[in-house]
Amino acid sequence: MSLAPKIAIACQGGGSHAAFAAGVLSGLLAPEFRYQLIALSGTSGGAMCAALVWSGLIHGGADEARHRLIDFWRDLEVHDILDAVTNFWAVSSARLPVTAEISPYLHGPVAEPRLRDLLSRHLDLASLPSEPRRRARPKLLIGATDIIHGLGVAFEGESLTYDELMPRPRFPPLFRAVQARGTLFWDGLFSRNPPVREFTELPERPDEIWVVQINPQQRKSEPRAMPEIVDRRNELSGNLALSHELYFITKINELLAEYPSLGARYKPINIRVVELEGDLDYPSKLDRSSPMIERLLRNGEERAAWFFDGRSLWPR
């Protein structure tokens, strides 16, 4: 009987669309799938998905990880009339042909207290072991952008705090920068979406890297209407960092084939990518309505099995 492959999973960010990543991870936590999960990474909403699974696995195992993940997203859904009105206003305003951007420093961070409360309840860092070695399996990496030094960074789960995780769902027109480690951070969408190349430096190297991609890689037709152009521009910019990360892994694999001596430091790593498909526009990343979140969770759970066959192989 062959040993289960060692896997590292990277979850791309994308606002509410990251519920698709939650669905994929939930599906992969089912007992019928055999693999060794040695690392997780994520950015923005994907970071929250990765962190929730990580904390659940450390605290109680696969069932606990799934409960934390799904309960978080269902708590994030719209639940009352006031929240429904706010959600409708946010999505509708984003679809207007002309929008006014107001500095987040001119108003209070309305969404932050609720998000921090949800993380405190479902991620529950206080319940995790304090010893770094017990928080290092699986390894957790959270992507962020240092806006002062212009660098992409990856926070590690061994020392993760809520302040370090809070920048993940943030982009400048809506949220303020977050202060941590003596500097200021914006969302990792600008530079690490999500962290991948660190997987090649882990003490225990993965056999495969699985990527949950939120932004469509390809489109069937040319975008011509202005909303279509804006959507495609955002998709391409959101995939830029990921493309660089996957190219890095692919190039290492090519060099290993040509120069076997590099095997002393690196090993060939297969890449698999499962992508969110459909006709969702950019403003829908703000949509927390129950039909939207449930649709994405269900779609993700259905796609989880793709990691085990040829549909997920990368490059295409």
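Any value given below was found using the heavy atoms of this structure, including those in side chains, with hydrogens, waters and symmetry copies removed. These figures come from a predicted structure and were not determined experimentally.
The nearest pair of heavy atoms linking P206 to I209 is CG-CG1, 4.3 Å. When every heavy atom of P268 is checked against every heavy atom of L256, the shortest pair comes out as N-CD1, 3.4 Å. Taking every heavy atom of both residues into account, P216 and E275 meet most closely at CA-OE2, 3.1 Å. Of all non-hydrogen atoms in H17 and D281, the two that sit nearest each other are CE1-O, 3.7 Å.
How far CD of Q213 is from OG of S243: 7.5 Å, rounded to the nearest 0.5 Å. One distance of note links CD1 of I252 with CZ of R265; it measures 8.5 Å at 0.5 Å rounding. Rounding to the nearest 0.5 Å places CG of D117 at 8.0 Å from NE2 of H122. With rounding to the nearest 0.5 angstrom, the CD atom of E254 is 7.0 Å from the OH atom of Y247. Put simply, CH2 on W73 and OG on S16 are 6.0 Å apart, with the number rounded to the nearest 0.5 Å. Considering CD of E302 and CZ of F20, their distance stands at 9.5 Å, rounded to 0.5 Å.
Considering only heavy atoms from C-beta on, L296 comes within 4.5 Å of L280 through its side chain. Contact annotation: the side chain of R303 never approaches that of R311 to less than 4.5 Å [non-hydrogen atoms, C-beta and beyond]. You'll find the side chain of N193 stays beyond 4.5 Å of the side chain of S44, heavy atoms only. Side-chain atoms of S191 and L151, non-hydrogen and from C-beta on, never get closer than 4.5 Å to each other. Within the 4.5 Å cutoff, side-chain heavy atoms of P283 are placed close to those of D231. Side-chain contact between E156 and L141: present, with at least one pair of heavy atoms (C-beta onward) separated by less than 4.5 Å. Contact of the L140 side chain with the L40 side chain is registered, since non-hydrogen atoms from C-beta on lie closer than 4.5 Å. For the pair L57/E64, no side-chain contact is recorded, criterion being any heavy-atom separation below 4.5 Å from C-beta on.
Heavy-atom neighbours of D279 CG from other residues, nucleotides or ligands within 6.0 Å: at or below the threshold of 12. Applying the 6.0 Å contact sphere to CZ of R295 captures no more than 12 heavy atoms from other residues, nucleotides or ligands. Environment of CZ in R121: crowded, with over 12 heavy atoms of neighbouring residues, nucleotides or ligands closer than 6.0 Å. Heavy-atom neighbours of F248 CZ from other residues, nucleotides or ligands within 6.0 Å: above the threshold of 12. Environment of CD1 in I81: sparse, with no more than 12 heavy atoms of neighbouring residues, nucleotides or ligands closer than 6.0 Å.
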Inset, instruction - Decide side-chain contact (heavy atoms from CB on, under 4.5 Å) for I9 and V53; before the verdict, give the C-alpha distance in whole Å, the side-chain angles of both, and the deciding distance to 0.1 Å. - result: CA-CA 11 Å; I9 301 178; V53 169; over 6 Å; no

Inset, instruction - Kindly indicate, with the supporting measurements, whether the criterion salt bridge (charged side-chain N to carboxylate O under 4.0 Å, His left out) is fulfilled by R133 and E158. - result: CA-CA 7 Å; R133 64 178 182 82; E158 290 92 322; over 6 Å; no

Legend entry - side-chain contact (heavy atoms from CB on, under 4.5 Å) between F185 and V153, intermediate numbers included: CA-CA 10 Å; F185 292 95; V153 302; 3.5 Å; yes

Inset, instruction - Show the numbers, then the answer: is there a salt bridge (charged side-chain N to carboxylate O under 4.0 Å, His left out) between E235 and R219? - result: CA-CA 10 Å; E235 290 165 358; R219 284 293 184 182; 2.3 Å; yes

Inset, instruction - With side-chain contact (heavy atoms from CB on, under 4.5 Å) as the test, would you mind laying out the steps for L119 and F72 before giving the verdict? - result: CA-CA 8 Å; L119 286 173; F72 170 86; 4.0 Å; yes

Inset, instruction - With salt bridge (charged side-chain N to carboxylate O under 4.0 Å, His left out) as the test, would you mind laying out the steps for K139 and E201 before giving the verdict? - result: CA-CA 12 Å; K139 182 73 174 181; E201 301 289 348; over 6 Å; no

Inset, instruction - Carefully, step by step, assess L297 and S26 under the rule side-chain contact (heavy atoms from CB on, under 4.5 Å). - result: CA-CA 8 Å; L297 289 172; S26 175; over 6 Å; no

Inset, instruction - Carefully, step by step, assess R114 and D83 under the rule salt bridge (charged side-chain N to carboxylate O under 4.0 Å, His left out). - result: CA-CA 12 Å; R114 180 183 180 188; D83 203 12; 2.9 Å; yes

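Under the 3.5 Å distance criterion, with hydrogens and angles disregarded, no donor-acceptor pair is assigned to the side chains of D163 and T161.
A donor-acceptor pair is defined here as one N or O able to donate and one able to accept, closer than 3.5 Å; such a pair exists between the side chain of N253 and the backbone of I269.
Taking the charged nitrogens against the carboxylate oxygens, R232 and E222 have no contact shorter than 4.0 Å, which rules out a salt bridge.
Put simply, the residue from W306, W210, F308, F307 that forms a ring pair (Phe, Tyr, Trp, His ring centres under 6.0 Å) with F33 is F308. If you run salt bridge (Lys or Arg N to Asp or Glu O under 4.0 Å) between D207 and each of R272, K267, K6, only K267 comes through.
The hydrophobic cluster containing I271 does not contain L28, counting ILVMFWY residues as joined when their side-chain heavy atoms lie under 4.5 angstrom apart, directly or transitively. Tracing side-chain contacts under 4.5 Å through hydrophobic residues (I, L, V, M, F, W, Y), one never reaches I214 starting from L242; they form parts of separate clusters. Connection of L286 to V78 is not established within any shared hydrophobic cluster, with ILVMFWY side chains joined at heavy-atom distances below 4.5 Å, either directly or through further cluster members. A continuous path of Ile, Leu, Val, Met, Phe, Trp and Tyr side chains, each step under 4.5 Å between heavy atoms, connects I148 with W186, placing both in one hydrophobic cluster. In the hydrophobic cluster analysis, where Ile, Leu, Val, Met, Phe, Trp and Tyr join through side-chain heavy atoms closer than 4.5 angstrom, L115 is grouped together with I142.
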